[in-house]
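In what follows, chains are A, B, ... by sequence order, proteins preceding strands, each numbered from 1.
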Protein chains: 2
Amino acid sequence: MAGIKDVAAHAGVSVATVSRVLNGHSGVRADTRTRVLSAVDELRYRPNTLARSLRTDQTRTLGLVISDVLNPFFTELARAVEDAARSRGYSVIIGNADEQLTLQDHHVRTLLDRRIDGLLVSPADGDSLALREAAASGIPMVFVDRWVDGLVRQGVPVVRADGRAAVRELVAHLYRLGLRRLAIITGPVASTTSNERVHAFRSALREYGLPLPEAYIGQGDFQTASGRRAASDFFSLPEPPEAVFATDNLMALGVMEQLRVMGLRVPGDVALAAFDDIPWFLHTDPPITAIAQPTQELGHRAVAALTDLMEWGHPRSPSGGTPLPTDSGGWSAGSVTLSAHLIARRSCGEDERIRR
Amino acid sequence: MAGIKDVAAHAGVSVATVSRVLNGHSGVRADTRTRVLSAVDELRYRPNTLARSLRTDQTRTLGLVISDVLNPFFTELARAVEDAARSRGYSVIIGNADEQLTLQDHHVRTLLDRRIDGLLVSPADGDSLALREAAASGIPMVFVDRWVDGLVRQGVPVVRADGRAAVRELVAHLYRLGLRRLAIITGPVASTTSNERVHAFRSALREYGLPLPEAYIGQGDFQTASGRRAASDFFSLPEPPEAVFATDNLMALGVMEQLRVMGLRVPGDVALAAFDDIPWFLHTDPPITAIAQPTQELGHRAVAALTDLMEWGHPRSPSGGTPLPTDSGGWSAGSVTLSAHLIARRSCGEDERIRR
DNA sequence: TGGTCGCATGGAAACGATTACATCGACATG
DNA sequence: CATGTCGATGTAATCGTTTCCATGCGACCA
């Protein structure tokens, strides 16, 4: 494969000149420039990015570690991230953690070894050594959707949607439909988003004077199988819940699978709602009530936050965003909080206020 | 960040020795080895993969270019590919072509520029210059799911599932249910898989003495919106079809969206079937009849074929697989053809033979 | 005419690893 | 004792770029 030397020889100039042309530096006579350029495409020359990165110490690459590629929410996020990155001249390498800490850490390390310029991560549950090391190494890093408390306190920005208001809305919706025994399926124990959702759920229930017995808290892990298990547990209870709220869409899928084998109907036998809206929810039997996040915007904002961090060494002052005033307290500078909203469908029963 | 020199200094040896230890070469005394190793983790040293790759001319990285990340079939494929690659010590960089030739070519070039060791691609429609150049450059390359005829003739292996038998089965199924006016929504015009599916569909119809009028061939592009358009066209026909076969799952989604706005019911007003089975098809209203591919195995076989190519410079003789004898003729050595099968559900109407 | 300046260009030192080859001491052999 | 072998280690070239600095040259000015 042709190298810069070959181009230089072919154009009758030095490698320095070729490099200058390629990088658009000024101070190259127009005719030499064209001579170089034509040598470049006669030889089909493509610069070796490895060598380039080695020398310049930047790869123009972002790393994105997501928790689960099979989750449509994350693929949509990944796509938005890639779009935003590409438009800024960066490429993205995706690592799929599959909700496993060890796999996540593997990817974080691999990405750092590749000398990516910045890291976007939606961390899996648990205390990640690799993530702590990454933060300590000083690489620009931004959390998206989920985060790790300790690191946020050390200044890592978070780009996320606050689902609390929407969860409260959901509980109101269920209550209005006459449902009283409400259950929830959580994500992994230390998952920040899951905790936020559970907490919002619990306090909304309290507002309505409803209890949240332990048995109505299904321990899930954001993956399909755990939704099945939780549903199966719920319905072997002497008094099963009247409504189930799955804190992500895959667990909602699991619930449906389990209900199907148990011969139970939604919403007749039980109401169902999920966090994260996906296109299929419109066409399931019945269409599923869900809380939608502004996924694309999350992706774009995350890339913006990260590139700011990379270019300025610190987040840009007004972050361009509209952080909710209420909680700007706890977050690192550069953080962005958007909001999620409820989309009521038939899976919780009929409601005169349902539009679609 | 610490380099190999720092480690050498810290351990009181030369960089060569450090390198030997790190690469597990023999001929290093046990005590020097331990001295080096402890220097390594005292300094938290991680080798710079850029420098390493530059020198060794291999990156232990595979590129995977898929047509659409939002398509669950491809994310499942990507996941299988990543698993297989990781277990062989490779990492994978995914490029999402979003069904656009220019985007696909962008990714192919970017991957090549990164000096990946091998390329797995499920090409988008059309004649791709970048792909031709890649093949010409001699990089190990394998097509998965879709392919480009010209390059296959030049020896690029293809790992795929043959859907023709399943399509025939589908037509039989529809016929048995009394359906006669059958329509199809194709992928992009030059898409190999789409063509295969359309062709199989057409010849099955002929077998049953059914016509396939032009108006019953909806031109799609494997994305949701085109499914909507095609459905809308079909149902503005004086005599709309009784059944629609979408050649991928996203277009089936589009059809459902359109039917919903038009107030038509499946299977009452029209039957629906799709290529590619996904978990949600079990829970849609009604559950959708689909042709399932052995997605995971496709991914694993593709990686196996590619690594064979990389390690041997040519495909391993018996390819480990079970190529269908019928068509082993046209395919390059190393190709693998698995088979797809029909999963009948209620979206085409009741059939006494339906199991689930 | 001679000095200065600026512009276009070239030479060569990095970047951080791998690896062919040289070196060096210990030991065995004749 | 001279020589050869072997095992452990070091030296330095190399991969393909970017970039600092030097150089040559024409123009300009005094």
Review point. Taking only residues two or more places apart in sequence or in another chain, which ones pass salt bridge (Lys or Arg N to Asp or Glu O under 4.0 Å) with A/E76?
Key: none

**Study point:** Side-chain ion pair, B/R132 and B/D127, N-O less than 4.0 Å
**Key:** yes

Practice item. Identify, with sequence neighbours excluded, every residue that meets side-chain hydrogen bond (donor to acceptor under 3.5 Å, both in side chains) alongside B/D6. Key: none

Check your understanding: With a 4.0 Å cut-off, would you call B/D113 and A/R46 a salt bridge?
Key -> yes

Point to revise | Listed partners of B/A39 passing side-chain contact (heavy atoms from CB on, under 4.5 Å), at least two apart | key: B/V7, B/H10, B/A11

Please list, for nucleotides 10-12 of chain C, all pairs of protein and nucleotide N/O atoms separated by less than 3.5 Å.
unit_1: C/dG10; atom_1: OP2; unit_2: A/S14; atom_2: N; d: 2.7
unit_1: C/dG10; atom_1: OP2; unit_2: A/S14; atom_2: OG; d: 3.1
unit_1: C/dG10; atom_1: OP2; unit_2: A/T17; atom_2: OG1; d: 2.8
unit_1: C/dG10; atom_1: N7; unit_2: A/R20; atom_2: NH2; d: 3.0
unit_1: C/dG10; atom_1: O6; unit_2: A/R20; atom_2: NH1; d: 3.4

Review point. Do any side-chain nitrogens or oxygens of B/R29 fall under 4.0 Å of OP1 or OP2 in D/dG7?
Key: no

Review point. Does a distance-only test, which skips hydrogens and angles, find a donor-acceptor pair under 3.5 Å between the side chain of A/R55 and the base of D/dT17?
Key: no

Check your understanding: In terms of side-chain heavy atoms of B/Y45, which of C/dA8, C/dA17, C/dT19 is nearest?
Key -> C/dA17

**Study point:** Contacts of B/T49 that satisfy side-chain hydrogen bond (donor to acceptor under 3.5 Å, both in side chains) - sequence neighbours left out
**Key:** none

Review point. How would you list, by chain and number, every residue that makes a side-chain contact (heavy atoms from CB on, under 4.5 Å) with B/E297, sequence neighbours excluded?
Key: B/P294, B/R301, B/L338

Exercise for review: Rounding to 10 degrees, work out the angle separating the end axes of the helix from C/dT1-D/dA30 to C/dG30-D/dC1 (five pairs an end).
Suggested key: 70°

Review point. Cut-off 3.5 Å, side chains only: do A/R33 and A/T17 have a donor facing an acceptor?
Key: no

Check your understanding: What is the minimum heavy-atom distance between A/S332 and A/S335, and which atoms define it?
Key -> O-OG, 2.8 Å

Review point. Under a 4.0 Å N-O cut-off, is there an ion pair linking B/R146 with B/E99?
Key: yes

Point to revise | Positions of residues 30-41 of chain B (non-hydrogen atom under 4.0 Å from DNA chain C), listed by number | key: none

**Study point:** Side-chain donor-acceptor pair present, A/D125, A/S191, cut-off under 3.5 Å
**Key:** no

Check your understanding: Within this structure, what is the CG-to-P distance between A/L54 and D/dT14, rounded to whole angstrom?
Key -> 17 Å

Revision key, fill the gap. What one should report as the nearest heavy-atom pair of A/V108 and A/V65 is CG2-CG2, 4.2 Å

Practice item. May I ask you to list the residues of residues 56-63 of chain B, by number, that have any heavy atom positioned under 4.0 Å from an atom of DNA chain C? Key: B/T56

Point to revise | salt bridge (Lys or Arg N to Asp or Glu O under 4.0 Å): pairs with one or both residues in residues 51-61 of chain B, sequence neighbours excluded | key: none

I'd like a list of close polar pairs between nucleotides 25-28 of chain D and the protein, N/O only, cut-off under 3.5 Å.
none

Check your understanding: Which is true for B/G3 with a 4.0 Å heavy-atom rule: it touches a base, it touches only sugar-phosphate, or it touches nothing?
Key -> sugar-phosphate

Check your understanding: Think B/N48 has a side-chain N or O under 4.0 angstrom from the OP1 or OP2 of C/dC15?
Key -> no

**Study point:** Results of salt bridge (Lys or Arg N to Asp or Glu O under 4.0 Å) for B/R79 - residues two or more places apart only
**Key:** A/D98, B/D83

Review point. Less than 4.5 Å apart, any side-chain heavy atom of B/R88 and any of B/L62?
Key: no

Practice item. Heavy atoms only: give me the nearest B/V156-B/V142 pair and the separation to one decimal. Key: CG1-CA, 4.1 Å

